[in-house]
Peer 1: 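Pasting a structure below so you can have a look.
These values consider heavy atoms only, across backbone and side chains, with no hydrogens, waters or symmetry-generated copies. Residue numbers begin at 1 in each chain, while the letters A, B, ... track the order of the sequences.
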Amino acid sequence: MPELDKTYTPSEVEARWYQQWLDDKCFQADPARVSEKRPAYSIVIPPPNVTGILTLGHVLNNTIQDILARRARMLGKEVLWLPGTDHAGIATQNVVEKTLKKNGEIKHRDDLGREKLVEKIWEWKDKHGGIIIQQLKKLGASCDWSRERFTMDPEYSRCVQRVFVDLYKKGLIYRGKRMVNWCPSSLTALSDEEVIMKPQNAVMYYFKVEVIEEPGTWLTIATTRPEVIPGDQAIAVNPNDPRYAHLIGKHVRRPLPVEDQAPLPIIGDEHVDFEFGTGVLKVTPAHDKADFEIAQRHNLPAVDVMHPNGVLNELAGKDLAGMERFAARKRAAELLAEIGSLVKEEPYQNNVGYSERADVPIESRLSEQWFLKYPSTQPSQEVVAKGDMRFFPERWAKVYDHWMGGLQDWCISRQLWWGHRVPVWRKTIAIDESDTPTKENKETQSLVDSLLSAASSDSPATPTNGAVEVSLSKIDAQSSSCRLHLHGEGGMVVEAASTSVAEMRWLEEHGFTQDPDVLDTWFSSWLWPFATMGWPDKSDDLRAFYPTTDLVTGPDIIFFWVARMIMAGYEYMGEMPFKNVYFTGIIRDKQGRKMSKSLGNSPDPLEIIAKYSADALRFGIMRSAPLGQDILFDEKNVELGRNFCTKLWNAARFRQMQSSDDWQSSSNASSKSETTITNRGYVAEAEINPALLSSDDKWIVLRLNTAITEVSTALDEYRFSDATHTLYRFFWTEYCDWYIEASKATLQGNDSARKANTLAVIDFVLGHTLRIFHPFLPFITEELWHGMGFNTDMPDNQGGKSIMFAPWPKPLDQDELAHFGILPEDEQTANDKYKTVELGRGLKSTFNISKKVRFVLKPAQELPAHEIEVLRILLNAEPLDVDAAFTPKKGTPVALTPLGELFLPLDGIIDVDAERARVSKEVAKVEGELAKVRAKLADENFTSKVPQKVLDEHKQRETDWSAQLDKLRAMLEALV
RNA sequence: GCACGGAUAGCUCAGUGGUAGAGCGGCUCGUUUACACCGAGUUGGUCGGGGGUUCGAAUCCCUCUCCGUGUACCA
């Protein structure tokens, strides 16, 4: 057994073991090894952004996954934890564009052009991307790095295209001109999920307009956005509103732009709430979703008065054009005031949608985008509702169900260059004017002809939007994935979606141009559980590891990612993508505030690891992360984790310091037991002889049993924090504070047979302890596993090579306990002893004695010599006399213990007053308890109605308390 | 607005009908041959307020307040 260093140096140990694990390919999954006896266990990592760096959120999330993966390995499963990153369209393009601008390389992305910019982003990605992957390794993540994936890998991209074209063919993906959420900062459309509502302190502006047909009649209109008044197309009132109904059909003059005060119709629309504001609504179709809908009902045009970047355009009039939207708002209010239209301004609280990424208010904007009607919604909703897929904590199932019940089509196109470009090509053709009959045109014409003939044949298979499907199979015989889509407005727009390279080439050669948009990053990550495993092939990986077992993620992406993965899983694999979903809490600082860059309250996990070790960070964060609640991060918890590792290290060193040749030889001679525990996957250096087990030995084995059971159950139920609490209690309090201290009675004695036996128990307990700790503290447990030689004599794949493959401990069963002669009541024997020790220590403390001192025990029953020695050591007594006939001097402090009266004879230095005060306090307490229980027993209502068991308990309680009280009163009298 | 969580010791949290718990912190001791990143002792709570059910409520029911999350939004 090599000697352990006096101090533990985590940085060296952690780096060394991680490299060793990689060299030994410990994390690599092999589908060929999966069998009935060796079931698969799989997790796919929530892919972090390729631009990202490790945050505490990642630490929490990935520590949990690592714990699950490592425990699964110890349970003998074939484990795949599949890692990777996503391309994070907006974030990544932003980062690179910003860098290029900062370096003065470009002023605008157009300076480079699409191809060059994408090239630059790839360069950047290769150079700086994936830092987070290296950081995860520092944390100890046992991912199968040989399977690392990126959402823009060529194979992955093909999956994305394939899915797009498939959904397009099914008519679930369509292009439409709609009001979308527009981010004026990123200059792209966003999905509803990327918009967060924030309460604002805004201003409500009231302005008045005169009814043209009724001079002198004024309408007052309330608005928070006067800057878009130039885009107003009508004034709407509720037709049932008696105040205004008669005005419907008349007109008012729009106040802005001042130089173009056009007349606007007054229309009636049920949407208008006459309770709200003035009951008169201005209708700005191009800048408000609800207004747009009103406009559609009344055939009003949508006039956009804003550039995409939020600057007002010429249509806003000379006063506002060129102004940024918020400056324009103030200016518009001033203009209203100048022309005498402004009535009043009031402070007003409202909610405004913000772009989640750019953190600027979004604009509702009319634009042409791609939308997806979600597929496989029914099985996806059912699987969670029925509980076939389980959410932890369960309440997220309701949130999921609610969202699934009100699905809106998903806007999947983004006006970016970094991402998967929409695989659709388009060409506008003037059918009747094929004036230049080139070869290309002829071929296209023939396609169009076939389209038209198909359309005229009234094919019932015709999908939505009047589109007709035509195969391009003559171009690429293998592909039938192409579909032509015919729009009939003005010229013909022929549209083809394709994944075939040959088809793409043909389309481009024939003057088709590809759609410039890219797809939402989530449109690629929703395929993650299978696109990372070789889909669409029926790969070995998919067969072995799909559906995955657990998914661990934050509830903030339940809709973005989790829900969509479930739908994609059903649509493309016909099965759920994972069986359990564990939602972590949100990491907050110790004041409960969210971690944020601007607050500067998000510590760098790597700095924490450098300061305390990865094990410490893992343990600390798991200890403070109860299921279903937010985590208040406090570095104190990491400190506690580090202290715990140190304790573990020192306890192991203590064991080593006991080892020497003389006990080994004597143990061999004395150990007569046939019992080995090799069947538990662990060979102790010496066998345990049941005949030599002390009450403390039996106690710690029982406590270990409890700990194993509790930790196993907690992990089964994803209660990681509970598991760490058990580990902490068991190891620190039960093993170190009580068992090791008690065992010193044997270890410091001279009975070498007993000594060897105690060491065998210690080894047994430590060997098990390291294993139940391993998922939480992978590094230090591995170091100690080897450092203490627990790996020797074990098969390579059962703990010989690494503790991560050592079998997960099971508690001793009845037969095994019987073999060791351990009975449940043995726990009480030791507990009584420890209780006695606590009371004795309390006496010492009361009388301010810190040195070794004489105790006298007047035993209630006879005690074996060994037990007395344990008591002596734990009490730090010198000596501990056991004397059944002891008669104390007046005023000798005494404690009533389960083992008898324990006296602290203080020759000559008795402080009678202090003792009287102490005992009086005890008396008062016991009198209180006794009064409570007697009151209950005296209550007819209580005694007649309560179950017998409870009644007996109360009677026993009364007996105990009154016996205690008698003794205490006697003590008090002796002090007088 | 609606829905769901939460409120227990100074702090973080266990505790789902029968004597209120743990860790940390605080305080007091203590260099006893694993560990001061330690040990021993000790302090500390009318379980958010009010009402109800019950012999008995932190626990079950109703109601209110505050905090958090999700969701819907009206200018």
Peer 1: Base, sugar-phosphate alone, or nothing: which one does A/E838 contact when heavy atoms must sit under 4.0 Å apart?
Peer 2: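 It contacts sugar-phosphate atoms only.
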Peer 1: Between A/F779 and A/Y8, is the ring centroid distance below 6.0 Å?
Peer 2: no
Peer 1: Between B/G5 and B/A22, how far apart are the P atoms? Round to whole Å, please.
Peer 2: 29 Å
Peer 1: Give none if B/A14 has no partner; otherwise give the nucleotide forming a Watson-Crick or G-U wobble pair with it, both distances under 3.5 Å.
Peer 2: none
Peer 1: Mind telling me whether A/Y718 and A/F720 have parallel, tilted or perpendicular rings, with 30° and 60° as the class edges?
Peer 2: perpendicular
Peer 1: Quantified in whole Å, what is the P atom distance between nucleotide B/A7 and nucleotide B/A58?
Peer 2: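 B/A7 and B/A58 have their P atoms separated by 15 Å.
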Peer 1: Just to confirm, is there a sub-4.0 Å distance from OP1 or OP2 of B/U69 to any side-chain nitrogen or oxygen of A/R588?
Peer 2: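 For B/U69, OP1/OP2 do have a side-chain N/O of A/R588 under 4.0 Å.
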Peer 1: A/I221 or A/T846: which one's nearest nucleotide on RNA chain B is closer to the 5' end?
Peer 2: A/T846
Peer 1: Give none if B/G70 has no partner; otherwise give the nucleotide forming a Watson-Crick or G-U wobble pair with it, both distances under 3.5 Å.
Peer 2: B/C2
Peer 1: Considering every strand and a 4.0 Å limit on heavy-atom distances, what is the contact class for A/M204: base, sugar-phosphate, or nothing?
Peer 2: nothing
Peer 1: Mind checking the P distance from B/C29 to B/U16? Whole angstroms is fine.
Peer 2: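 After rounding to an integer number of Å, I get 40 Å for this pair.
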Peer 1: If you find the nucleotide of RNA chain B closest to A/I196 and the one closest to A/V272, which residue's nucleotide is nearer the 5' end?
Peer 2: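 The residue closer to the strand's 5' end, by nearest nucleotide, is A/I196.
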Peer 1: Would A/F392 and A/Y582 count as a close aromatic pair, with their ring centres under 6.0 Å?
Peer 2: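 Centroid distance A/F392-A/Y582: not below 6.0 Å, so no.
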Peer 1: For B/U32, give its Watson-Crick or G-U wobble partner with both distances under 3.5 Å, or none.
Peer 2: none
Peer 1: Roughly, in whole Å, what's the span from CD1 in A/I586 to P in B/C67?
Peer 2: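 Going from CD1 in A/I586 over to P in B/C67 covers 18 Å.
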Peer 1: Around A/E275, counting heavy atoms of other residues, nucleotides and ligands shown, do more than 12 lie under 6.0 Å from its CD?
Peer 2: no
Peer 1: Which is true for A/S624 with a 4.0 Å heavy-atom rule: it touches a base, it touches only sugar-phosphate, or it touches nothing?
Peer 2: nothing
Peer 1: Check every strand shown and say whether A/H954 touches a base, only sugar-phosphate, or nothing at a heavy-atom separation below 4.0 Å.
Peer 2: nothing
Peer 1: When we call it a touch if two heavy atoms are under 4.0 Å apart, what does A/R957 touch: a base, just sugar-phosphate, or nothing?
Peer 2: base
Peer 1: Once you apply a heavy-atom cut-off of 4.0 Å, does A/F559 come out as touching a base, just sugar-phosphate, or nothing?
Peer 2: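 Answer is sugar-phosphate: A/F559 comes under 4.0 Å of backbone atoms only.
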Peer 1: Are A/H287 and A/F292 an aromatic pair, judged by ring center distance below 6.0 Å?
Peer 2: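 Between A/F292 and A/H287, the centre distance exceeds or equals 6.0 Å.
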Peer 1: Taking the side chain of A/K945 as its heavy atoms from C-beta onward, which of B/G18, B/C55, B/C24 lies nearest to it?
Peer 2: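 Side chain of A/K945 sits closest to B/C55.
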Peer 1: I'd like to know if A/E958 and A/R934 make a salt bridge, using a cut-off of under 4.0 Å between side-chain N and carboxylate O.
Peer 2: yes
Peer 1: Ignoring backbone atoms, test whether A/K744 places a side-chain nitrogen or oxygen under 4.0 Å from the OP1 or OP2 oxygen of B/A34.
Peer 2: yes
Peer 1: Does anything in residues 640-653 of chain A come within less than 4.0 Å of RNA chain B? Heavy atoms only, and list the residues if so.
Peer 2: A/L640, A/R642, A/N643, A/T646, A/K647, A/N650, A/A651, A/R653
Peer 1: Counting Watson-Crick and G-U wobble pairs only, both distances under 3.5 Å, name the nucleotide matched with B/U42, or none.
Peer 2: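 Answer to the pairing question: B/G26, which forms a Watson-Crick or G-U pair with B/U42.
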Peer 1: With a non-hydrogen cut-off below 4.0 angstrom, is A/R623 in contact with a base, only sugar-phosphate, or nothing?
Peer 2: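 Sugar-phosphate: the residue A/R623, judged by heavy atoms under 4.0 Å, touches backbone atoms but no base.
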Peer 1: Pick base, sugar-phosphate or nothing for A/V946, based on heavy-atom distances below 4.0 Å to the nucleic acid.
Peer 2: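 Base contact.
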Peer 1: In terms of side-chain heavy atoms of A/M657, which of B/A75, B/A34, B/U19 is nearest?
Peer 2: B/A34
Peer 1: Scan A/E741 against the nucleic acid and name what it touches under 4.0 Å (heavy atoms): base, sugar-phosphate only, or nothing.
Peer 2: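 Base: the residue A/E741, judged by heavy atoms under 4.0 Å, touches a nucleobase.
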Peer 1: For B/A57, what is the paired nucleotide under Watson-Crick or G-U wobble rules, both distances under 3.5 Å?
Peer 2: none
Peer 1: In whole Å, measure the gap between the C1' atoms of B/A57 and B/G25 for me.
Peer 2: 31 Å
Peer 1: Roughly how many Å apart are B/G52 and B/A14, using the C1' atom of each and rounding to a whole number?
Peer 2: 28 Å
Peer 1: Would you sort out whether A/R225 and A/D288 count as a salt bridge (charged side-chain N to carboxylate O under 4.0 Å, His left out), showing the intermediate values?
Peer 2: CA-CA 10 Å; A/R225 300 203 63 189; A/D288 185 280; over 6 Å; no
Peer 1: Now, which nucleotide makes the Watson-Crick or G-U wobble pair with B/A75, with each of the two distances under 3.5 Å?
Peer 2: none
Peer 1: Do A/N181 and A/Y354 have side-chain atoms, one donor and one acceptor, less than 3.5 Å apart?
Peer 2: no
Peer 1: Just do the side chain to side chain contact (heavy atoms under 4.5 Å, CB included) check on A/K198 and A/N351 with the steps written out, would you?
Peer 2: CA-CA 5 Å; A/K198 289 193 188 182; A/N351 287 321; over 6 Å; no
Peer 1: Determine the interatomic distance between P on B/A40 and the same-named atom on B/G48; round to the nearest Å.
Peer 2: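 Taking atom P in both B/A40 and B/G48, they lie 32 Å apart.
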Peer 1: Tell me what A/Y205 touches on the nucleic acid: a base, only sugar-phosphate, or nothing, going by heavy atoms under 4.0 Å.
Peer 2: nothing
Peer 1: Should the ring pair A/F391 and A/F583 be called parallel, tilted or perpendicular, given that the plane angle runs from 0 to 90° and is split at 30 and 60?
Peer 2: perpendicular
Peer 1: Once you round it to whole Å, what is the distance between C1' of B/U12 and CE of A/M622?
Peer 2: 15 Å
Peer 1: Heavy atoms under 4.0 Å, any strand shown: does A/P947 hit a base, just sugar-phosphate, or nothing?
Peer 2: base
Peer 1: Nearest whole Å is fine: how far is B/G39 P from A/W732 CH2?
Peer 2: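 Distance check: A/W732 CH2 to B/G39 P gives 5 Å.
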Peer 1: Would you indicate which nucleotide in B/A75, B/U71, B/U32 comes nearest to any side-chain atom of A/H402?
Peer 2: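 Nearest listed nucleotide: B/U71.
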Peer 1: Starting at atom CD of A/E345, determine the distance to atom C1' of B/A75, rounded to an integer number of angstrom.
Peer 2: 16 Å
Peer 1: Do the side-chain N or O atoms of A/Y400 get closer than 4.0 angstrom to the phosphate oxygens (OP1, OP2) of B/G70?
Peer 2: no
Peer 1: Specify the closest pair of heavy atoms between A/L843 and A/L902, including all atoms of both residues, with the distance to one decimal.
Peer 2: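 Closest approach of A/L843 to A/L902: CD1-O, 3.6 Å.
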Peer 1: Atom CG of A/D192 to atom P of B/G70: distance rounded to whole Å?
Peer 2: 16 Å
Peer 1: Check the distance between B/G10's C1' and A/K636's NZ and give it to me in whole angstrom.
Peer 2: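 Distance check: A/K636 NZ to B/G10 C1' gives 14 Å.
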Peer 1: If you look at every strand shown and take non-hydrogen atoms under 4.0 Å, does A/W403 touch a base, only sugar-phosphate, or nothing?
Peer 2: nothing
Peer 1: Measure from CZ on A/R872 to P on B/U32 and round the result to the nearest Å.
Peer 2: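 For the pair A/R872 CZ and B/U32 P, the rounded distance is 16 Å.
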Peer 1: Would you say the ring centroid of A/Y348 lies under 6.0 angstrom from that of A/Y205?
Peer 2: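 So the answer is no for these two rings.
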Peer 1: Which nucleotide, B/U12, B/A75, B/C73, lies nearest any side-chain atom of A/N351?
Peer 2: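 Nucleotide nearest to A/N351's side chain: B/C73.
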Peer 1: Using a heavy-atom cut-off of under 4.0 Å over every strand shown, decide if A/D737 touches base, sugar-phosphate, or nothing.
Peer 2: sugar-phosphate
Peer 1: Measure CG/A/L632 against P/B/G68 and give the value in whole Å, please.
Peer 2: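 So the two atoms are 13 Å apart, to the nearest Å.
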Peer 1: Taking atom C1' in both B/G30 and B/G6, what distance in whole Å separates the two?
Peer 2: 42 Å
Peer 1: What integer number of Å spans the P atoms of B/A3 and B/G49?
Peer 2: 25 Å
Peer 1: Do the side-chain N or O atoms of A/Y8 get closer than 4.0 angstrom to the phosphate oxygens (OP1, OP2) of B/C35?
Peer 2: no
